[in-house]
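Here's the structure we're looking at; comments come further down.
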Amino acid sequence: MNKPFESKWSRLTQSPYFIYLLISPLFLILFAYVVYPFYQTFLQSFNGEDTLLNYKKFFSLASPANLEALWNSVYISVFSVITCAIVGVTMAFLLERYEFPGRRLLSVLVLVPMALPPLVGVLSFTFLYGESGIIPRGIQALFHLDKVPFALKGIWGVIVVHTFTMYTYFYLTASAAIKGFDPSLEEAATSLGAGRIRVWLKIILPMLTPSMVAASLLVFMVSMASYTAPLMFGVDRTMTMQIYLARTNGNLEMAATQSTILSIVSITFLILMRWYQNRRNYQNLSKGISVHRSEVSSKPLKVLAVIGSFIGTLVLILPILVLVLISFSVDGSWTVQVLPPKYTFDHYIALFTDERTWRPIWNSIQMSFVATIGNILFGVAAAYAMVRLQFKGKTLLDILIMVPWALPGTVVAVNIIAAFSTENIFAFNQVLIGTFWILPLAYFIRHLPLVFRSTSASLTQLDQSIEEAARSLGATWWYTFRKVVLPLTFTGVLAGTLLAFVQSIGEFVASILIYSTSTIPLSVAIFQKLYAFDFGTACAYGVLQIVLILIVLVISEKLSKGSAGTAL
């Protein structure tokens with residue numbers, strides 16, 4: 001390298017604007033694949049002679065389907081947040097504050113719903129508690145009833161499934177908060193005459209607020225994005241269902257309008273919850289003595305604990321057990337019987353030997369791998385920029401990264417359709433719709449925050465003086481990053497990477513709108529087998545997904561010492 005070039009390079013790197021040159025690729029990616037697709041959807045919603053026609057139709061009282069769908073989506077999401085909070089926080093307190101018979105088993109099984117992808121979780125509940133489910137039919141046969149005594153259906157069926165599959169968000173965040181909670185605060189309040197209810201309202205719940213707000217955001221956004229549960233339980237009037245119907249009927253303008261309104265609702269909820277969280281300071285200024293579990297000494301309470309633990313264990317493992325059972329059933333043989341009458345191993349053999357059965361598995365692995373590579377490159381770079389660099393626009397970068405997580409999968413899919421159904425510079429002058437690359441792009445956008453958040457957490461815990469010491473000894477920035485920063489943050493990066501990969505494997509809501517016949521992913525294959533009444537094959541696919549996710553979650557939890565789940 002000649003001296004004039006070295007001099008110019010030195011002046012460039014010392015310029016206060018050099019940092020913006022470094023972070024510009026991050027903003028370019030976010031603009032190209034988050035902002036631009038959303039902008040195209042927004043523009044498409046105004047298409048037509050009357051620019052406001054689609055919005056007038058949406059809010060028209062003469063045809064209230066869309067308004068009813070909006071109300072149902074918000075109603076379901078709010079109730080899901082409430083029920084998940086009750087179940088998740090209660091379970092966290094029971095398992096973290098008390099020692100009782102069956103606690104250890106429950107503490108392991110309580111995370112079982114995390115291993116159920118959304119589609120597979122709804123599928124298991126349908127087979128268990130639906131109108132033709134095993135338990136309602138079993139009770140009907142046992143007591144010789146004319147009809148089933150109960151069945152999960154309608155809005156409350158959706159809320160029950162949401163509660164079972166999403167309470168883990170509250171459980172994980174509340175457990176982490178309770179572990180760091182100082183019991184001396186409760187003791188001090190009690191010694192000053194505060195009752196148990198007052199201690200809960202004034203001490204415990206305020207200290208849990210940050211974790212509960214974070215979990216509320218996740219549950220609300222995931223509930224708003226829910227498509228499978230409303231579909232399986234006959235709730236046609238939800239926003240995700242209306243978007244899917246408008247898209248499949250070719251009414252792209254109305255689908256864009258619905259997506260825009262749904263995005264506004266989700267982002268508004270995000271802003272409101274963040275505002276509420278920032279109103280007060282929830283920092284714990286005490287010495288941080290760890291919580292000790294209180295042993296249940298009362299004999300009647302111990303008996304109740306054993307009974308409760310048994311019921312809890314049964315409820316938690318039944319969805320997976322029923323999927324395993326049905327995965328061995330012969331396709332088309334299970335009709336009106338309580339349990340499948342015929343069983344076979346053929347479905348599992350076909351998963352790896354039959355090309356048509358194996359194809360969706362291989363498609364999902366390929367597309368998830370490509371998307372996850374993109375998530376790693378972007379997530380690590382963005383995390384380093386956010387934690388280590390000082391520049392204007394940090395808040396904007398953080399918001400843009402989190403926006404895809406706030407948007408339902410249907411909205412992300414509609415945004416991609418609006419942006420990449422024609423040639424443009426961000427698609428390298430190609431039409432991406434119908435190609436292999438469209439689904440990896442959707443998975444990449446949907447899971448942007450996962451690697452970013454887990455890497456950010458690891459970088460925050462890494463003392464910057466370690467990097468400075470390496471640089472002072474003559475190491476270049478790139479050498480320091482490769483030999484010092486990456487090895488020390490590897491567990492955080494890998495935990496986020498594994499989570500992003502399994503989330504991509506199980507992604508269904510976005511996939512159903514943009515897949516093609518040559519790129520059918522595993523989740524869509526399960527859906528198609530279900531509607532072809534090939535229940536055995538559908539459940540075999542589901543069990544494969546569960547096994548893969550369980551393996552990944554175990555590895556992630558061990559690598560991140562129990563904090564991997566919070567990356568979600």
Side-chain angles (χ1 to χ4, degrees), residues 109 112-113 115-154 157-158 160-161 164-165 228-229 231-234 310-311 313-361 364 505-506 508 520 522-550:
L109 294 176
V112 160
L116 290 171
L119 175 60
V120 175
V122 176
L123 191 63
S124 64
F125 263 74
T126 304
F127 286 137
L128 266 175
Y129 308 110
E131 288 189 87
S132 300
I134 292 172
I135 291 178
R137 280 190 177 183
I139 295 173
Q140 181 187 11
L142 183 63
F143 294 101
H144 306 288
L145 303 176
D146 294 331
K147 58 181 181 180
V148 293
F150 71 92
L152 279 187
K153 58 182 177 180
V158 174
V160 168
V161 173
F164 179 84
T165 55
T228 317
L231 176 67
M232 300 295 281
F233 292 111
F310 174 77
I311 294 172
T313 301
L314 193 64
V315 168
L316 289 168
I317 64 173
L318 262 181
I320 290 181
L321 291 179
V322 77
L323 282 174
V324 174
L325 174 71
I326 299 172
S327 69
F328 291 106
S329 67
V330 175
D331 286 338
S333 66
W334 189 29
T335 52
V336 297
Q337 303 91 341
V338 175
L339 293 173
K342 298 178 182 178
Y343 298 91
T344 179
F345 285 97
D346 290 348
H347 306 311
Y348 286 100
I349 296 171
L351 287 181
F352 304 103
T353 57
D354 182 68
E355 186 179 351
R356 288 183 302 174
T357 309
W358 166 252
R359 177 55 56 186
I361 301 171
S364 282
I505 289 284
F508 172 70
I520 294 176
L522 181 55
S523 57
V524 175
I526 294 173
F527 185 72
Q528 290 179 341
K529 292 295 182 183
L530 179 66
Y531 270 80
F533 296 98
D534 294 338
F535 298 144
T537 306
C539 288
Y541 275 141
V543 170
L544 180 67
Q545 270 192 311
I546 290 170
V547 169
L548 176 62
I549 292 171
L550 276 174

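Atom set for the values below is all heavy atoms of this structure, side chains included, hydrogens, waters and symmetry mates excluded. We count residues from 1, following the sequence as given.
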**Request:** List the steps, then state whether side-chain hydrogen bond (donor to acceptor under 3.5 Å, both in side chains) holds for D534 with T537.
**Result:** CA-CA 6 Å; D534 294 338; T537 306; 5.4 Å; no
**Item:** side chain to side chain contact (heavy atoms under 4.5 Å, CB included) assessment of L544 paired with F352
**Value:** CA-CA 11 Å; L544 180 67; F352 304 103; 4.0 Å; yes
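Ring orientation note: the planes of Y348 and F328 are tilted relative to one another, at an angle of 30° to 60°. F535 and F533 have perpendicular rings, their planes meeting at more than 60° on a 0 to 90° scale where under 30° would count as parallel. Ring geometry for F127 versus W334: interplanar angle of 30 to 60°, hence tilted.
Smallest separation of non-hydrogen atoms from Q337 and R137: O-NH1, 3.3 Å. Closest heavy-atom contact between Q140 and D146: NE2-O, 3.2 Å. Residues S327 and A540 approach most closely at CB-N, 3.6 Å, considering heavy atoms.
Taking 4.5 Å as the limit, some side-chain heavy atom of L351 sits within range of a side-chain heavy atom of Y541. The closest side-chain heavy-atom distance from F233 to V160 is not below 4.5 Å. Considering only heavy atoms from C-beta on, P319 comes within 4.5 Å of L128 through its side chain. L123 places none of its side-chain heavy atoms less than 4.5 Å from the side chain of L119. Two residues are said to be in side-chain contact when any heavy atoms from C-beta on lie closer than 4.5 Å; V161 and Y129 fail this criterion. With contacts defined as side-chain heavy-atom distances shorter than 4.5 Å, the pair L321/L325 does not qualify. Here the side chains of V322 and L318 are not in contact, with every heavy-atom distance at 4.5 Å or above. No side-chain heavy atom of T228 sits less than 4.5 Å from a side-chain heavy atom of F527.
Residue F345 places its CZ atom among 12 or fewer non-hydrogen atoms of other residues, nucleotides or ligands, all under 6.0 Å distant. Residue-environment remark: CD (E131) stays at or below the threshold of 12 foreign heavy atoms within 6.0 Å.
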